[in-house]
Amino acid sequence: MNPRTRTLWLVVAGLLVAVVASAAWGWPALLRRRQATYAMEVLGRMARGAHIYYVKPRQGEGAKRMPCQFPQGQVASTPAPSCCDPRVRMADDNRCDPSKTDWNRLIWRAIGVELTEPQPFVYRYEATGTMAEARYTLTALSDLDCDGVFATYVYEGRGDPASTPDNCLLTTHPTFRAVNPGE
């Protein structure tokens, strides 16, 4: 084998080793980042819907304006704790089957959310209070490897102290946190 051919083979072999190493160590990290990005995107859409609900005037009992609030109560996209649960799991992977999730609940409709594609997450919403005391928590839970350890992504929002009964303002911003994002 001449020296040029040998050098070419060494370069190709080195590149193959680099590609295999990148796939082995880089691919899982890329999937974790993609999972976190997707959770933030969906939770952000949910938060926007809750914020619109807070500021939009609504008529309550006796034709009086309802107080500034997020949709009250709690709801989950499925009663299953994770998409690994056979009650909601897709046949071929660890995502929730959209036909087995329940987006037709009053709160989900109030914030304008319905996910029709398979999801790796179970979503939860909870809100209480009015005016400046209004609070909501949006959570996305995922267990991609079905080991019982969850990646958890949370948006938390609150009402605005500047809101008045006649003018629901919302200048506050939700906070985001992740627990076990690599799970």
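Numbers here are sequence positions counted from 1.
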Can you give each donor-acceptor pair under 3.5 Å made by side-chain atoms of residues 40-51, sequence neighbours left out, with the distance rounded to 0.1 Å?
residue: H51; atom: NE2; partner: Y136; partner atom: OH; Å: 2.8

Discussion item. Are the side chains of W108 and V75 in contact, using a 4.5 Å heavy-atom criterion?
Written reply: yes
Fill in: Validation row: T78, K100 side chains within 4.5 angstrom (heavy atoms)
no
Worksheet item: Same cluster or not: are M90 and V88 linked, directly or through other Ile, Leu, Val, Met, Phe, Trp or Tyr residues, by side-chain heavy atoms under 4.5 angstrom apart?
Response: no
Worksheet item: R89: what forms a side-chain hydrogen bond (donor to acceptor under 3.5 Å, both in side chains) with it, not counting sequence neighbours?
Response: N94
Fill in: side-chain hydrogen bond (donor to acceptor under 3.5 Å, both in side chains) involving S163 - partner list, sequence neighbours excluded
Y54
Worksheet item: Which pairs with one or both residues in residues 123-133 pass salt bridge (Lys or Arg N to Asp or Glu O under 4.0 Å), sequence neighbours excluded?
Response: none
Fill in: Beyond-backbone contact of P71 with Y125, side-chain heavy atoms, under 4.5 angstrom
yes
Worksheet item: Going by atom types only, do S99 and D97 share a side-chain donor-acceptor pair under 3.5 Å?
Response: yes
Discussion item. What verdict does the side-chain contact (heavy atoms from CB on, under 4.5 Å) test give for V55 and L170, after you've listed the backbone C-alpha separation in whole Å, the side-chain angles of each residue and the deciding distance to 0.1 Å?
Written reply: CA-CA 7 Å; V55 299; L170 197 55; 3.7 Å; yes
Worksheet item: To the nearest 0.5 Å, how far apart are OG in S142 and CZ in F150?
Response: 8.5 Å
Worksheet, complete the sentence: The complete set of disulfide (SG to SG under 2.5 Å) pairs with one or both residues in residues 122-153, sequence neighbours excluded, reads C84-C146
Worksheet item: Short question: side chain of D143, backbone of G148 - any donor-acceptor pair under 3.5 Å?
Response: yes
Worksheet item: Sequence neighbours excluded, which residues qualify as side-chain contact (heavy atoms from CB on, under 4.5 Å) partners of P165?
Response: M131
Worksheet item: Measuring from T164:OG1 to L169:CG, what's the distance to the nearest 0.5 Å?
Response: 6.5 Å
Worksheet item: Got a sec, which pairs hit salt bridge (Lys or Arg N to Asp or Glu O under 4.0 Å) with one end in residues 169-180, sequence neighbours left out?
Response: E156-R177
Worksheet item: Within a reach of under 6.0 Å around CZ of R158, are more than 12 heavy atoms found that belong to other residues, nucleotides or ligands?
Response: no
Item to complete: Using salt bridge (charged side-chain N to carboxylate O under 4.0 Å, His left out) as the criterion, list what pairs up with R105, not counting sequence neighbours.
Response: D102
Discussion item. According to side-chain hydrogen bond (donor to acceptor under 3.5 Å, both in side chains), who are the partners of T171, at least two apart in sequence or on a separate chain?
Written reply: D160
Worksheet, complete the sentence: In terms of heavy-atom contacts, Y153 and A178 come closest through CD2-CB, 3.8 Å
Worksheet item: Do T137 and V154 have side-chain heavy atoms sitting under 4.5 Å apart?
Response: yes
Fill in: Test side-chain hydrogen bond (donor to acceptor under 3.5 Å, both in side chains) applied to R95 - qualifying residues, sequence neighbours left out
D93
Discussion item. Counting C-beta onward and ignoring hydrogens, is there a side-chain heavy-atom pair between V122 and C83 closer than 4.5 Å?
Written reply: yes
Worksheet, complete the sentence: Here the side-chain hydrogen bond (donor to acceptor under 3.5 Å, both in side chains) pairs for residues 110-119, sequence neighbours left out, are Y38-E117, Y38-Q119, E117-Q119, Q119-Y123
Item to complete: Output all residues satisfying side-chain contact (heavy atoms from CB on, under 4.5 Å) with Q69, sequence neighbours left out; order by chain, then residue number.
Response: Y53, R58, M66, P67, Q72, T130
Worksheet item: Taking side chain as C-beta onward, heavy atoms only, is P118 less than 4.5 Å from P98?
Response: yes
